[in-house]
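Scroll down for the structure; my scribbles are underneath it.
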Amino acid sequence: MARYVSPPNQLDFKQQVWQCVRQIPPGMVATYGQIAALISAPTGVDPAAYVSFGARWVGGAMKNCPEDVPWQRVINSQGKISLPRGGGEEIQRELLETEGVQFDERDRVDLRRYRWPGPGL
DNA sequence: TCCTTGACTCAGA
DNA sequence: CTCTGAGCCAAGG
């Protein structure tokens with residue numbers, strides 16, 4: 001816990017992330033950058049800097065996300081799972097497959113098709 | 001207080 | 001399409 005260099009809005013930021021993730025329908029996936037782009041930047045943070053690092057903030061929020069948040073539907077812009085070792089990458093793949101998301105032979109998801117909000121929206 | 005790492009992304013080869 | 005390197009802000013030791 002560092003000093004309160006940042007306002008408690010940061011917590012609110014996380015909640016926004018979770019809420020956005022909750023809006024993702026089953027069988028679809030979203031990227032960290034997408035989530036970061038959909039929500040606003042916390043107070044005292046440069047928009048440009050937020051755009052550059054927002055994705056990572058989303059990742060940090062996911063790390064502390066409640067169980068009611070389908071973090072499994074959140075992946076990187078490459079359409080792949082970037083969970084840390086032993087984090088549960090297998091679990092995520094299983095959950096996504098259960099929802100109807102198909103994986104490539106390289107453990108990749110076809111964002112062109114499962115990306116949310118999809119091109120059809 | 002300084003240094004390292006991180007559930008990322010973009011650009012170049 | 002895949003691999004490598006650099007950049008960004010914040011938290012922890």
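The chains referred to below are lettered A, B, ... by the order of the sequence lines, with proteins before strands, and numbering in each begins at 1.
In terms of the side chain to side chain contact (heavy atoms under 4.5 Å, CB included) criterion, residue partners of Gln16(A) (sequence neighbours excluded) are, by chain and number, Asp12(A), Ile39(A), Ser40(A). With sequence neighbours left out, the side chain to side chain donor-acceptor pair (under 3.5 Å) criterion links Gln34(A) to Arg115(A). Take Asp68(A) and apply the side chain to side chain donor-acceptor pair (under 3.5 Å) test, not counting sequence neighbours, and it matches Arg22(A). Residues that satisfy the side chain to side chain contact (heavy atoms under 4.5 Å, CB included) test with Glu90(A), not counting sequence neighbours, are absent from this structure.
Among the nucleotides dA10(C), dG6(B), dA7(B), the one closest to the side chain of Trp71(A) is dA7(B).
In this structure, NZ of Lys14(A) is placed 14 Å from P of dA7(B), rounded to the nearest angstrom. Summarising the geometry, the separation between CD on Gln92(A) and P on dA7(B) is reported as 13 Å, rounded to the nearest angstrom. dA6(C) atom P lies 18 Å from atom CZ of Phe53(A), rounded to whole Å. Taking atom CZ on Phe13(A) and atom P on dA11(C), their separation rounds to 12 Å, with Å as the unit. Atoms OH (Tyr50(A)) and P (dA10(C)) sit 13 Å apart, rounded to a whole Å. Distance CD1 (Ile35(A)) to C1' (dA7(B)): 13 Å, rounded to an integer number of Å.
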(message) One character per nucleotide, please: for nucleotides 8-13 of chain B, 5' to 3', B when the base has a protein heavy atom closer than 4.0 Å, S when only the sugar-phosphate does, - otherwise.
(response) BSS---

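At distances below 3.5 Å, at least one donor-acceptor pair connects side-chain atoms of Asn76(A) with backbone N or O atoms of Gly79(A).
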Show me, pair by pair, the donor-acceptor contacts under 3.5 angstrom made by side chains of residues 44-61 of chain A, not counting sequence neighbours?
residue	atom	partner	partner atom	Å
Tyr50(A)	OH	Ala36(A)	O	2.5
Ser52(A)	OG	Ala48(A)	O	3.2

